[in-house]
2 protein chains.
Amino acid sequence: MKKYLEILRKCPLFFGIEDESLIKMLDCLGARVESFDKKYTVFAEGTPAKYIGIVLSGSVKIIQIDYYGNRSILSSVFPSEMFAEAFACANTRSMPVSAVADEMSEIMFIDCDHILHTCQNNCGFHQQLIYNLMKDLANKTLMFHQRIEITSKRTTREKLLTYLSIQAKSAESSVFDIPYDRQELADFLEVERSGLSSEIGKLVKEGVIKNKKNQFEIL
Amino acid sequence: MKKYLEILRKCPLFFGIEDESLIKMLDCLGARVESFDKKYTVFAEGTPAKYIGIVLSGSVKIIQIDYYGNRSILSSVFPSEMFAEAFACANTRSMPVSAVADEMSEIMFIDCDHILHTCQNNCGFHQQLIYNLMKDLANKTLMFHQRIEITSKRTTREKLLTYLSIQAKSAESSVFDIPYDRQELADFLEVERSGLSSEIGKLVKEGVIKNKKNQFEIL
DNA sequence: AAAAATATGTTGATTTTTCAACAAAAGGAG
DNA sequence: CTCCTTTTGTTGAAAAATCAACATATTTTT
């Protein structure tokens, strides 16, 4: 597990925990690591939630596919970040989303029960982990509010511009990369791919933005 | 505070806490109660988050108004339920939403810092409250996923039907009331009011649903 | 390097939403 | 009960999104 220390240290679940404790803790929590090839499903919609996922390398996308086959992309998860923690904590019987590896990825799984309930060793770190989980869930809620700010806009153009300006702000630069290709961006913004493509074209022509592949610049 | 006991007992923040402890606890937490007339703002977008709100009577709506004045309704909050807890826990400097009293309402406010940090009396209940907050935030996340399931649909009809079927399921009955008038429902579903009205009309005509004011029945 | 597969851009027809304006209905105040 | 206000329904024109189909570009595989 030591080789993942660099990444795990930055995971919000382990905030305020010393390296030495962290290593021991992982053992006690029964953490295990699995690898997933590109496009492989890390967990599938409809299955019960039990484990918290932590991306160690690569990246994962959280997606939701409805009755008619329409895909929504909820988020992109990068190294040090957690996913599925809300479902694991809430003990959801059937997860409303799937997680798919975006590239070759290593994922750490931790049984949420091991975090929430004291173990036989009576480890003292559970309180800290619960506190950290609570903070993380509060931040995730903020993320959802941001997403609503984007998707509640009524036109493709407004959704796109709202998304791009949020990205620029969080990158603290007017030039930034986005983690989505065109289809994925469309599925994130809840719009049509072809309409999105042409809207990007228009904005470039109008001199509002510059774009090359996944890199955007707001002018 | 005793007169609110019935309501507070059912609040997820106080899950697993005995009545006697609860009463003492409120004192220690510096809980205070305020009344709001119908349509009054409980807290405004843009202000810093500090307090968790608990509805004691009446009800509150959480809304977001964008740059162009378009309103989104995020949720309705009823007695025993909390609101703004995610912002308070995350220490948000500027809240992305407002809360408005839907009718004459009494709201209890608790400073989130008093929950998260041990007080001078060294009360032993902080851990339980943090745990409860964590559970609550996990459940709120599930709510957001449900909302995305609804608003990601592309047509007014599909959004409405998805919303109604979720409501029916949670009411465990094909007949149920919704907490929104037409304009509010439109702002929740992120659609146009007039289009929503006519869509409801069509569904009734087609025999898919019955509707009288805020009461719906799925046939 | 060529071939195959995937991703992106473009277009026009069709569907749906939005917008604005007004009529009808319901609710509240005096 | 009547007047006034608010909510809801209805309509048609305009704007925008969706859909389908295809051309082009890019990436991956062989």
Side-chain angles (χ1 to χ4, degrees), chain A residues 37-40 61 63 66-73 100-104 150-163 177-206 209-216, chain B residues 37-39 61 66-73 100 102-104 150-164 177-206 209-216:
Chain A
D37 282 335
K38 188 171 177 170
K39 295 196 179 175
Y40 272 63
K61 289 208 158 68
I63 65 174
D66 77 6
Y67 188 78
Y68 306 97
N70 302 312
R71 178 177 74 164
S72 293
I73 291 191
V100 177
D102 209 37
E103 51 194 301
M104 227 287 265
I150 294 165
T151 58
S152 70
K153 296 281 189 299
R154 298 301 164 80
T155 65
T156 299
R157 165 178 285 240
E158 282 182 6
K159 287 181 189 182
L160 176 60
L161 287 174
T162 305
Y163 172 70
D177 286 357
I178 66 168
Y180 302 122
D181 65 25
R182 289 291 184 273
Q183 182 64 63
E184 290 171 334
L185 180 57
D187 291 344
F188 179 85
L189 300 177
E190 319 277 21
V191 300
E192 199 50 33
R193 182 196 60 80
S194 67
L196 173 63
S197 255
S198 83
E199 202 61 52
I200 290 174
K202 279 184 207 162
L203 286 168
V204 169
K205 220 174 261 169
E206 292 171 22
I209 62 172
K210 278 190 187 173
N211 166 244
K212 189 172 189 187
K213 287 204 22 162
N214 293 6
Q215 180 177 284
F216 286 82
Chain B
D37 281 336
K38 188 170 177 169
K39 294 195 180 177
K61 287 208 160 68
D66 77 6
Y67 188 78
Y68 306 97
N70 302 312
R71 177 178 74 163
S72 294
I73 291 191
V100 177
D102 210 38
E103 51 196 300
M104 227 287 263
I150 295 166
T151 58
S152 69
K153 296 283 188 301
R154 298 302 163 75
T155 63
T156 300
R157 164 179 287 238
E158 282 182 6
K159 287 182 191 183
L160 176 60
L161 286 175
T162 305
Y163 172 70
L164 292 179
D177 286 357
I178 66 168
Y180 303 122
D181 64 27
R182 289 292 185 271
Q183 181 63 62
E184 290 171 335
L185 180 57
D187 291 344
F188 179 84
L189 300 178
E190 320 277 22
V191 299
E192 198 52 32
R193 182 196 60 78
S194 66
L196 173 63
S197 254
S198 82
E199 202 61 53
I200 291 173
K202 279 183 207 162
L203 286 169
V204 170
K205 222 174 262 168
E206 292 172 22
I209 62 172
K210 278 190 188 176
N211 167 244
K212 189 172 188 187
K213 286 206 21 163
N214 294 6
Q215 179 177 288
F216 286 82

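Here is the naming used below: chain letters follow the sequence lines, and residue numbers restart at 1 for every chain. Source: prediction; values computed, not measured.
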Bend angle of the helix from C/dA1-D/dT30 to C/dG30-D/dC1, from helix axes over five pairs at each end, nearest 10°: 60°
side-chain hydrogen bond (donor to acceptor under 3.5 Å, both in side chains) partners of B/Q183, counting only residues at least two apart: B/D187
Annotated protein contacts, base or backbone, on nucleotides 25-30 of chain D with a non-hydrogen cut-off under 4.0 Å, one of B, S, - each: --S---
Partners passing salt bridge (Lys or Arg N to Asp or Glu O under 4.0 Å) against A/E158 (at least two apart in sequence or in another chain): none
Distance, nearest 0.5 Å, that separates CG of B/L185 from CG of B/N214: 9.0 Å
Single hit among B/T156, B/T162, B/I73, B/I150 for side chain to side chain contact (heavy atoms under 4.5 Å, CB included) with B/L189: B/I150
Salt bridge (Lys or Arg N to Asp or Glu O under 4.0 Å) partners of B/D66, counting only residues at least two apart: A/K153
Residue list, salt bridge (Lys or Arg N to Asp or Glu O under 4.0 Å) with A/R193, at least two apart or on another chain: none
Side chains of B/Q215 and B/K210 in contact at under 4.5 Å (non-hydrogen atoms): no
Side chains of residues 195-204 of chain B: which donor-acceptor partners sit under 3.5 Å, not counting sequence neighbours?
from	atom 1	to	atom 2	distance (Å)
B/S198	OG	B/G195	O	3.3
B/E199	OE2	B/R157	NE	3.0

Please list, pair by pair, any protein nitrogen or oxygen found under 3.5 Å from a nitrogen or oxygen in nucleotides 11-18 of chain D.
from	atom 1	to	atom 2	distance (Å)
D/dA17	OP1	A/T156	N	2.4
D/dA17	OP1	A/T156	OG1	3.0
D/dT18	OP1	B/R154	NH1	3.4
D/dT18	OP2	A/E192	N	2.9

Residue list, side chain to side chain contact (heavy atoms under 4.5 Å, CB included) with B/R154, at least two apart or on another chain: A/E190, A/E192
Any residue meeting side-chain hydrogen bond (donor to acceptor under 3.5 Å, both in side chains) with B/D181, in chain and number order, not counting sequence neighbours: none
Results of ring-ring contact (aromatic ring centres under 6.0 Å, His included) for A/F188 - residues two or more places apart only: A/Y163, A/Y180
Distance, nearest 0.5 Å, that separates NZ of B/K38 from CD of B/E103: 8.0 Å
Distance, rounded to the nearest Å, where B/I200 contributes CD1 and D/dT8 contributes C1': 10 Å
Start and end of chain A contact along DNA chain C [non-hydrogen atoms, under 4.0 Å]: C/dT8 to C/dT18
